[in-house]
Amino acid sequence: MADGRVVSTKLEQIEQYHGELKEKQQSLTRTELLTNTTEQRAVERMFENAIQACSDLAQHIATHDFDFDGVASKEAVRILGQEKVIDEGTMNTLVAAIGFRNVLAHEYGRVDYVEVYQTLQSGLEVYDAFSRQIARWFQQQSSP
């Protein structure tokens with residue numbers, strides 16, 4: 001079974017990173033993001049951190065509760081969807097977010113800051129949804 005300390009720590013990290021992104025969502029204009037390299041790097045890193053914390057948590061649960069023996073983050077998230085730990089919408093959005101993180105972290109292509117801004121404005125709900133669903137599932141698993 002998943003380690004409660006790991007689950008708790010990762011949920012706290014997701015909440016922290018999500019909060020940082022929400023602050024940027026409210027304070028950063030499109031023009032500022034498109035023209036300010038420092039803001040671009042800060043937002044990129046916030047997204048990387050939030051998505052990585054979700055990915056780490058998905059891999060931890062998939063490994064300890066569903067015999068996942070792989071290393072692919074997207075596959076770990078898909079297992080959580082298949083096992084009804086998270087809903088299908090959250091699963092699909094988080095799988096796409098992992099792809100987005102890969103572009104940001106590994107520079108597989110030129111980063112499109114218009115897309116980053118759009119994601120900042122409309123793509124943050126997945127972190128709350130994922131956290132709520134994981135916490136609810138973990139609580140159910142921990143109850144006698």
Side-chain angles (χ1 to χ4, degrees), residues 1-28 30 33-34 36-144:
M1 181 172 176
D3 183 327
R5 292 172 300 197
V6 172
V7 172
S8 177
T9 298
K10 288 298 172 185
L11 289 174
E12 287 173 11
Q13 289 174 352
I14 294 165
E15 182 179 341
Q16 175 190 340
Y17 301 140
H18 179 250
E20 292 169 359
L21 284 164
K22 289 289 282 184
E23 286 177 20
K24 286 295 183 185
Q25 179 189 55
Q26 295 167 2
S27 67
L28 191 63
R30 183 177 188 273
L33 182 65
L34 296 178
N36 186 320
T37 305
T38 301
E39 291 292 357
Q40 291 170 355
R41 300 300 178 256
V43 171
E44 284 178 30
R45 187 68 180 141
M46 289 173 192
F47 271 118
E48 289 174 28
N49 287 343
I51 297 164
Q52 188 62 49
C54 292
S55 173
D56 290 347
L57 183 51
Q59 287 184 308
H60 178 76
I61 292 170
T63 299
H64 288 86
D65 288 83
F66 303 109
D67 297 322
F68 176 65
D69 61 359
V71 294
S73 301
K74 290 179 181 181
E75 188 58 32
V77 170
R78 287 186 185 108
I79 288 171
L80 297 189
Q82 292 166 358
E83 297 293 338
K84 307 296 185 208
V85 175
I86 59 176
D87 65 40
E88 186 176 355
T90 300
M91 176 191 71
N92 291 333
T93 303
L94 193 53
V95 166
I98 290 168
F100 178 65
R101 186 233 24 224
N102 290 343
V103 169
L104 295 175
H106 304 295
E107 300 182 61
Y108 290 140
R110 188 180 80 67
V111 175
D112 181 349
Y113 290 103
V114 171
E115 179 184 350
V116 172
Y117 185 77
Q118 290 170 338
T119 303
L120 181 64
Q121 293 306 310
S122 63
L124 301 185
E125 171 56 29
V126 69
Y127 307 110
D128 272 344
F130 180 76
S131 294
R132 282 191 312 269
Q133 292 168 34
I134 293 292
R136 182 173 49 244
W137 174 84
F138 189 74
Q139 185 176 29
Q140 290 169 350
Q141 300 308 304
S142 301
S143 298

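Atom set for the values below is all heavy atoms of this structure, side chains included, hydrogens, waters and symmetry mates excluded.
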Side chain to side chain donor-acceptor pair (under 3.5 Å) contacts in which one or both residues fall within residues 89-99, not counting sequence neighbours | D87-T90, T90-Q133
Would you please name every residue forming a side-chain hydrogen bond (donor to acceptor under 3.5 Å, both in side chains) with S73, sequence neighbours left out?
->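 Partners of S73 under the side-chain hydrogen bond (donor to acceptor under 3.5 Å, both in side chains) test: S55.
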When you look at Q52 and N49, which way does the side chain to side chain contact (heavy atoms under 4.5 Å, CB included) test go after all the steps?
-> CA-CA 5 Å; Q52 188 62 49; N49 287 343; 5.8 Å; no
How would you list all residue pairs meeting salt bridge (Lys or Arg N to Asp or Glu O under 4.0 Å) that involve residues 118-136, not counting sequence neighbours?
-> E125-R132
Only pairs at least two apart or in different chains count here, so list each salt bridge (Lys or Arg N to Asp or Glu O under 4.0 Å) that has a residue in residues 55-69.
->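 Residue pairs passing salt bridge (Lys or Arg N to Asp or Glu O under 4.0 Å), neighbours aside: K10-D56.
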Determine, step by step, whether Q121 and R30 satisfy the side chain to side chain contact (heavy atoms under 4.5 Å, CB included) criterion, reporting the C-alpha distance in whole Å, the side-chain angles of both residues, the deciding distance to 0.1 Å, and the verdict.
-> CA-CA 10 Å; Q121 293 306 310; R30 183 177 188 273; over 6 Å; no
Could you tell me whether the side chain of [Y] reaches within less than 4.5 Å of the side chain of [X], counting heavy atoms only?
X	Y	result
E12	Q16	no
V77	I86	yes
V85	F138	no
L28	E23	no

Within 6.0 Å of CD in E15, more than 12 heavy atoms from elsewhere =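 Open.
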Count the heavy atoms of every other residue, nucleotide or ligand shown that sit under 6.0 Å from CZ of R41, and state whether that count exceeds 12.
->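 It does: R41 CZ has more than 12 such atoms within range.
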Ring pair (Phe, Tyr, Trp, His ring centres under 6.0 Å) contacts touching residues 71-94 (sequence neighbours left out) |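 Those involving residues 71-94 do not exist here.
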Rounded to the nearest 0.5 Å, what separates atom [atom1] in [X] from atom [atom2] in [Y]?
X	Y	atom1	atom2	value
H18	L11	NE2	CG	13.0 Å
Q25	L124	CD	CG	5.0 Å
L104	E115	CG	CD	8.5 Å
L21	Y127	CG	OH	6.0 Å
I98	E75	CD1	CD	10.5 Å
M91	K74	CE	NZ	12.5 Å

If you look at every heavy atom in [X] and [Y], which pair is closest and at what distance?
X	Y	answer
A2	V7	CB-CG2, 4.0 Å
A53	Q13	CB-OE1, 4.0 Å
M1	S142	CE-OG, 3.5 Å

Between the side chain of E48 and the main-chain N/O of R101, is any donor-acceptor distance below 3.5 Å?
-> no
Of all residues at least two apart in sequence or in a different chain, which pass the ring-ring contact (aromatic ring centres under 6.0 Å, His included) check with F47?
->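 ring-ring contact (aromatic ring centres under 6.0 Å, His included) check on F47 returns F100.
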side-chain contact (heavy atoms from CB on, under 4.5 Å), paired with L80, selected from L57, I134, L94 =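 Only match with L80 under side-chain contact (heavy atoms from CB on, under 4.5 Å): I134.
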Please step through side chain to side chain contact (heavy atoms under 4.5 Å, CB included) for the pair Q82 and I79, ending with a clear verdict.
-> CA-CA 5 Å; Q82 292 166 358; I79 288 171; 4.3 Å; yes
Determine, stepwise, if the pair Q40 / V116 fulfils side chain to side chain contact (heavy atoms under 4.5 Å, CB included).
-> CA-CA 9 Å; Q40 291 170 355; V116 172; over 6 Å; no
